[in-house]
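Residues: numbered from 1 along the sequence shown.
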Amino acid sequence: MHHHYGANFGRWKPISYSLVDSQERSTWIAHPSSQVDVAALPLRRIEEGFRIYPLDLVLASVDIVLRPGMPVFIIGFPLGLKNLDSLPIWKTGHIASDPNTNFNHQRLLLVDATTRSGMSGSPVVYRAFGQYETSDGLISIYGPPATKLVGMYSGRLRENAEIGFVWKPDVIENVLSHGSTVPHVVSVPQPCP
């Protein structure tokens with residue numbers, strides 16, 4: 001894994017994290033249900049000079065109405081691709097199921113997107129430029145885009161389908177609530193070495 005390092009954005013330092021401790025126990029925190037494919041790895045080696053640029057889970061509560069067909073960004077490392085040394089790739093997809101329902105009776109929504117290996121665990125966000133709909137009506141914005149966390153990408157329904165599934169933010173919260181040392185932020189995943 002690479003951590004941002006130093007005062008200038010764009011510098012990284014590689015750090016290795018063990019996935020098991022000295023007693024061969026997992027160091028990651030899994031969701032309590034074995035049917036949910038979401039886990040978190042506590043970052044316990046934040047050295048002096050490291051800079052963390054998290055995607056705060058509070059973005060899940062931003063008042064933006066999501067509907068089927070709206071564009072979303074899946075931020076990850078398709079096929080290990082990265083920008084510079086470790087910046088992720090922003091792939092575009094579209095919401096493919098009603099966000100107010102649960103796909104297959106699980107806290108999932110579907111996205112229509114061309115995804116590849118290396119994107120599992122990627123945050124999925126909606127970004128509004130210019131205007132967006134809230135629960136009270138339309139809002140126009142002048143300045144930075146508004147961002148809403150949609151969830152965490154997990155994979156495609158079938159190998160040859162361009163339909164993937166996204167775990168909703170409350171599922172991420174459930175994982176984090178099982179590990180008191182994990183900050184309530186989602187870090188953009190890092191590419192495999």
Side-chain angles (χ1 to χ4, degrees), residues 29-33 35-40 52-78 81 83 87-178 182-189:
I29 303 161
H31 192 277
S33 170
Q35 295 183 359
V36 176
D37 183 23
V38 176
I52 304 295
Y53 296 94
L55 186 62
D56 199 317
L57 283 176
V58 75
L59 291 176
S61 62
V62 172
D63 185 13
I64 296 177
V65 175
L66 298 176
R67 300 190 187 283
M70 291 176 77
V72 291
F73 295 102
I74 305 165
I75 308 168
F77 299 91
L81 292 173
N83 182 16
L87 289 175
I89 305 299
W90 289 53
K91 298 244 333 142
T92 305
H94 293 85
I95 296 174
S97 64
D98 189 324
N100 297 312
T101 63
N102 294 323
F103 177 74
N104 206 19
H105 306 289
Q106 296 203 53
R107 298 293 295 152
L108 293 167
L109 64 88
L110 299 180
V111 291
D112 179 0
T114 304
T115 57
R116 297 292 180 256
S117 63
M119 297 187 73
S120 181
S122 296
V124 179
V125 299
Y126 171 78
R127 286 203 121 177
F129 301 89
Q131 73 177 20
Y132 58 93
E133 182 182 1
T134 70
S135 55
D136 293 329
L138 283 178
I139 297 288
S140 292
I141 54 175
Y142 304 97
T147 302
K148 181 176 183 73
L149 177 65
V150 177
M152 180 182 291
Y153 182 81
S154 190
R156 286 182 278 176
L157 290 177
R158 293 181 191 87
E159 183 60 33
N160 60 350
E162 296 295 318
I163 303 294
F165 51 96
V166 175
W167 293 101
K168 294 183 178 182
D170 60 306
V171 174
I172 302 166
E173 284 280 5
N174 288 341
V175 171
L176 297 178
S177 68
H178 284 81
V182 180
H184 287 237
V185 295
V186 177
S187 291
V188 175

**Request:** Using a 4.5 Å cut-off on heavy atoms from C-beta on, say whether the side chain of F73 contacts that of T92.
**Result:** yes
The reported gap from CG in D37 to OG in S154 (rounded to nearest 0.5 angstrom) is 3.5 Å
Are side-chain heavy atoms of R156 and R116 found at a separation under 4.5 Å? yes
Counting C-beta onward and ignoring hydrogens, is there a side-chain heavy-atom pair between T147 and Y126 closer than 4.5 Å? no
Applying side chain to side chain contact (heavy atoms under 4.5 Å, CB included), run through L55 and L149 and close with a yes or a no. CA-CA 8 Å; L55 186 62; L149 177 65; 3.8 Å; yes
Test side-chain hydrogen bond (donor to acceptor under 3.5 Å, both in side chains) applied to Y153 and T115, step by step: CA-CA 10 Å; Y153 182 81; T115 57; 2.5 Å; yes
So CD of Q131 and OH of Y142: to nearest 0.5 Å the spacing works out to 8.5 Å
Check your understanding: Do the non-hydrogen side-chain atoms of P68 and P99 ever get within less than 4.5 Å of each other?
Key -> yes
Stepwise side chain to side chain contact (heavy atoms under 4.5 Å, CB included) check, L109 with V111:
CA-CA 7 Å; L109 64 88; V111 291; 4.0 Å; yes
Interatomic distance, CZ@F103 vs CG@D98, rounded to 0.5 Å, equals 13.0 Å
Is it the case that the side chain of K148 and the backbone of V62 share a donor-acceptor pair, with hydrogens and angles ignored and the cut-off at 3.5 Å?
yes
Next on the checklist: Is there a side-chain contact between R107 and D170 in this structure, where contact means two heavy atoms from C-beta onward sitting under 4.5 Å apart?
Outcome noted: yes
So CD1 of I64 and OG1 of T134: to nearest 0.5 Å the spacing works out to 9.0 Å
From CA spacing to verdict: side chain to side chain contact (heavy atoms under 4.5 Å, CB included), V150, L66
CA-CA 9 Å; V150 177; L66 298 176; 3.9 Å; yes
Rounding to 0.5 Å, atoms OH (Y132) and CE (M70) come to a distance of 11.0 Å
### Message
What verdict does the side chain to side chain contact (heavy atoms under 4.5 Å, CB included) test give for M152 and K168, after you've listed the backbone C-alpha separation in whole Å, the side-chain angles of each residue and the deciding distance to 0.1 Å?
### Response
CA-CA 7 Å; M152 180 182 291; K168 294 183 178 182; over 6 Å; no
Tightest non-hydrogen contact, residues G93 and A113, listed as CA-CB, 3.7 Å
query: Backbone N or O of M119 within a donor-acceptor pair of the K91 side chain at under 3.5 Å?
result: no
task = Give a yes or no on whether the backbone of P88 and the side-chain of N83 come within a donor-acceptor separation of less than 3.5 Å.
result = no
Here the pair of heavy atoms bringing Q35 nearest to W167 is O-CH2, 3.7 Å
CG of D112 to CD of E162, rounded to nearest 0.5 Å, is 7.5 Å
Please answer whether the main-chain N or O of L110 pairs with a side-chain N or O of S97 as donor and acceptor at a distance below 3.5 Å. yes
message: Quick check against the 3.5 Å criterion: does N104 have a side-chain atom that pairs as donor or acceptor with the backbone of Q106?
response: no
